[in-house]
K.L.:
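Below you'll find the structure I mean.
Reminder, nothing fancy here: chain letters follow the sequence lines and each chain counts from 1.
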Amino acid sequence: MCGIAGIFNLHEDREISAGTMARMLSVLKHRGPDEFGMYRDGRAALGHARLSIIDLSGGSQPMCNEDKTVWITFNGEIFNFIELREELIGRGHRFRTHSDTEVIIHLYEDHGPGCLDYLNGQFAFAIWDKKSRELFLARDRMGIRPLFYAMNAGRFYFASEIKGIFAAGEIKREIDPAGIDEIFTMWCNVAPRTAFKDVYELPPACYLTIKNGVVSRTQYWDLVFPEKPEEIGFEDAVEELKRLLVDSARLRLRADVPVGAYLSGGLDSSVTTALIRNFSNSPLKTFSVAFEDKDYDESSYQNEMAKALGTEHHEVRCSYSDISRNFPDVIWHTEKPVLRTAPVPLYLLSRLVRDSNFKVVLTGEGADEVLGGYDIFKETKIRQFWARFPESQTRPLLLKRLYPYLPAFQGQSKAYMEAFFNGGLSDTRDAFFSHRPRWQTTSKNKLFFSDALKEAANGSTPEDAFRMCLTPGFENLPPLSKAQYIESKNLLPGYILSSQGDRVSMANSIEGRFPFLDYRVVEFCAKLPPHYKIKGLNEKYILKKCMSRYLPERIVKRSKQPYLAPDGKSFFNDGKPADYVEELLSESCLGEYGYFKPGPVRLLFNKFLKGGAIGFKDNMALVGILSTQLLHYRFIKNFNCDVTIKDIKVAG
Amino acid sequence: MKEKIREFITKNFLFGASDSDLNDSDSFLDKGIIDSTGMLELVAFIEEDFGVKVQDEELVPENLDSIDRLADFISRKKVLA
């Protein structure tokens, strides 16, 4: 796991400076602090910051093929590399290392872009093919590992993080109003757009080829839900899911360093931990976040699970002031505004893992998307049911079954709940029926946008952009499949796997691995009948059936608890705003940066200062505005990319 | 009283943004002014600023969902108190 970066001359050979490459790698060194490497010729430069996990002594990068005509810089893991290596050797390829990197090179030699079909992993890489004069960049199916790019003055720049591109010094650093508009609608960007103008994200499951100055993008895989589910008996489905999960976890324990696990106290991470415990011989250390605020704390479940599985358990305790203190650094890593503080505790957690001398953790991410765990799926089911008989007095009562963990939600009257979930109820054919209440509520906070931001964001809407990403035949899918597809294409890569995933774990040089996101698991679950996933209103039903005998009953029976952290309150500890909050939300600073109206933000600020009950929407507003201001401060106003690394190995 | 309510709604939920769009009879729910948790803020305001106690069964849109309705509700409660 690593950081990658590079520069490519689109039209002709032109020297690429080593100093520029050193700057690009310097800002990525948190991703790969173990060694640095660079390859340069007249046309292309590839850089690599390495976190050594597989073939510790032989896996240095950039790496090349036998005759040095194909060069790669690679971030991630190919979990089935052992099997692929054997096949390639059988076909006459000679290997110099035992790393997974070399497998990609030889597969590419044989299959070109078709090599991606063989890879089971989480990856982003660039291959420079000197013979065909082509640069090839690719990203894994689900979007676990990141890749960004930009172009200017005949050059193409790429890096694992946007800061790597900016460090080259040739791309103007500017926030994209349309990118902010997307986040204040869907909580994330619609790739390839990012929060920065003219900087793009390679969407998941896509590759780019660049040849003769022409850049083209191809999607090589998509999440396919059948219009009619596969006919498979429930018991057979349970067995097959188990077989796949065990195998997925087995592959993800492949490493030349010890592998740990996150334990949240919920079902999914308990399952991944139980898979390691019951189906492998790995010694097991587990890691958790505990909250000082009891409303968010799940440590009793975490400890119960650790005890039941006999793991060596470690936890980091997170307070309000921890969140406030670390938030600016977290935004440096997320590289986009966030509407929740939830990435911060995960940043503290990866730090704990690093301090325990671990580099790799397995986590339960993806289970909710793949197996229908989120409340938004149950919510959709109820709203769909209600919409068939809108006058019903009893149908909306089912809404009470949602969000049992939110006192504020449970405390409200039926009429209020109905009004909230009624949004878009009349149009069940709406492609975004499932996400309408969430997006509508989030969009309300655009009232804080300055006229200039509104004006600049005016054009295609976030919804239009996302509609372009939908798979053909989307409109004919069952409602649950539609909602799962949206969640898996939108929030999963755009927020869960990035702002709460790769960016905050790699900030501390920790690699996350996700057994539920093995593409075989994902493809299998997509084909299952929806009622295997949500039975009545019992979410992830098949997973519970499949794994219950390995888990304590209290964990399996527990109602679904999403991962949340204290939001706005964290920044106003003891009735006082943190210094930087006061500064960044001041009239002068808001006016200078120009994204938000100072008057309304002041009223919001005062509301938090006063304390008391504050709703979701206002919390999203505060966190979103503050993180946008921080983004500007760190990336536009005070961007720092000094060279801080030495000993870059030159390959070639 | 209506002015005081209007000021609270405008400041607390609209953040001063679109005062002119809000009529006394407009439904807060239909206009999306109050979200699913915002009602708690509204109740806290009535209880603190007008000294009335709101019972659980009174938490219905008929009492709370516009400036007019709120003013009526508060007046009725005050008479009873």
Side-chain angles (χ1 to χ4, degrees), chain A residues 379 399-400 402-403 406-424 436-451 454 567-568 596-608 610-622 625, chain B residues 3-23 25-70 72-73 77:
Chain A
E379 188 184 300
L399 292 167
K400 268 271 187 211
L402 297 168
Y403 311 103
L406 291 177
F409 182 86
Q410 289 297 315
Q412 67 190 329
S413 73
K414 175 168 160 275
Y416 275 91
M417 211 157 45
E418 280 182 39
F420 175 66
F421 290 108
N422 207 347
R436 202 55 75 193
R438 182 199 283 175
W439 292 353
Q440 272 176 359
T441 306
T442 307
S443 297
K444 294 279 179 220
N445 283 327
K446 294 181 192 178
L447 70 86
F448 293 100
F449 283 3
S450 67
D451 293 339
K454 255 186 239 166
D567 286 315
F596 301 104
K597 286 182 185 154
V601 175
R602 182 48 44 177
L603 291 170
L604 179 73
F605 180 90
N606 289 340
K607 189 167 171 175
F608 277 91
K610 193 170 155 232
I614 298 181
F616 303 135
K617 186 169 70 66
D618 297 343
N619 273 291
M620 284 198 279
L622 186 89
I625 293 167
Chain B
E3 270 323 293
K4 197 170 166 187
I5 296 170
R6 169 181 291 279
E7 192 197 331
F8 171 77
I9 298 290
T10 308
K11 254 190 174 174
N12 201 65
F13 293 113
L14 298 172
F15 302 98
S18 49
D19 187 18
S20 55
D21 295 342
L22 184 65
N23 296 315
S25 59
D26 284 345
S27 157
F28 301 148
L29 286 169
D30 290 350
K31 288 211 130 190
I33 292 168
I34 294 185
D35 80 344
S36 65
T37 48
M39 184 194 53
L40 298 176
E41 296 170 40
L42 185 63
V43 172
F45 159 72
I46 306 172
E47 295 190 339
E48 280 163 29
D49 285 50
F50 293 98
V52 298
K53 186 93 192 89
V54 185
Q55 304 300 320
D56 281 355
E57 57 275 15
E58 292 167 337
L59 297 175
V60 291
E62 288 74 12
N63 291 332
L64 307 174
D65 197 37
S66 68
I67 293 175
D68 283 340
R69 287 181 185 185
L70 268 173
D72 285 349
F73 174 65
K77 290 291 279 189

K.L.:
Looking at A:K446, I'd like to know if its NZ atom is crowded, meaning that more than 12 non-hydrogen atoms belonging to other residues, nucleotides or ligands lie closer than 6.0 Å.
P.N.:
yes
K.L.:
What is the distance from atom NZ of B:K31 to atom NZ of A:K444, rounded to the nearest 0.5 Å?
P.N.:
9.5 Å
K.L.:
Contact between A:D618 and B:E41 at the side-chain level, heavy atoms closer than 4.5 Å - yes or no?
P.N.:
yes
K.L.:
Does NZ in A:K610 sit with more than 12 non-hydrogen atoms of other residues, nucleotides or ligands closer than 6.0 Å?
P.N.:
no
K.L.:
Restricting to non-hydrogen atoms, name the atom on B:I33 and the atom on A:K617 that form the minimum distance, rounded to 0.1 Å.
P.N.:
O-CE, 4.3 Å
K.L.:
Which distance, rounded to the nearest 0.5 Å, do you find between the CG of A:N606 and the CZ of B:F15?
P.N.:
10.5 Å
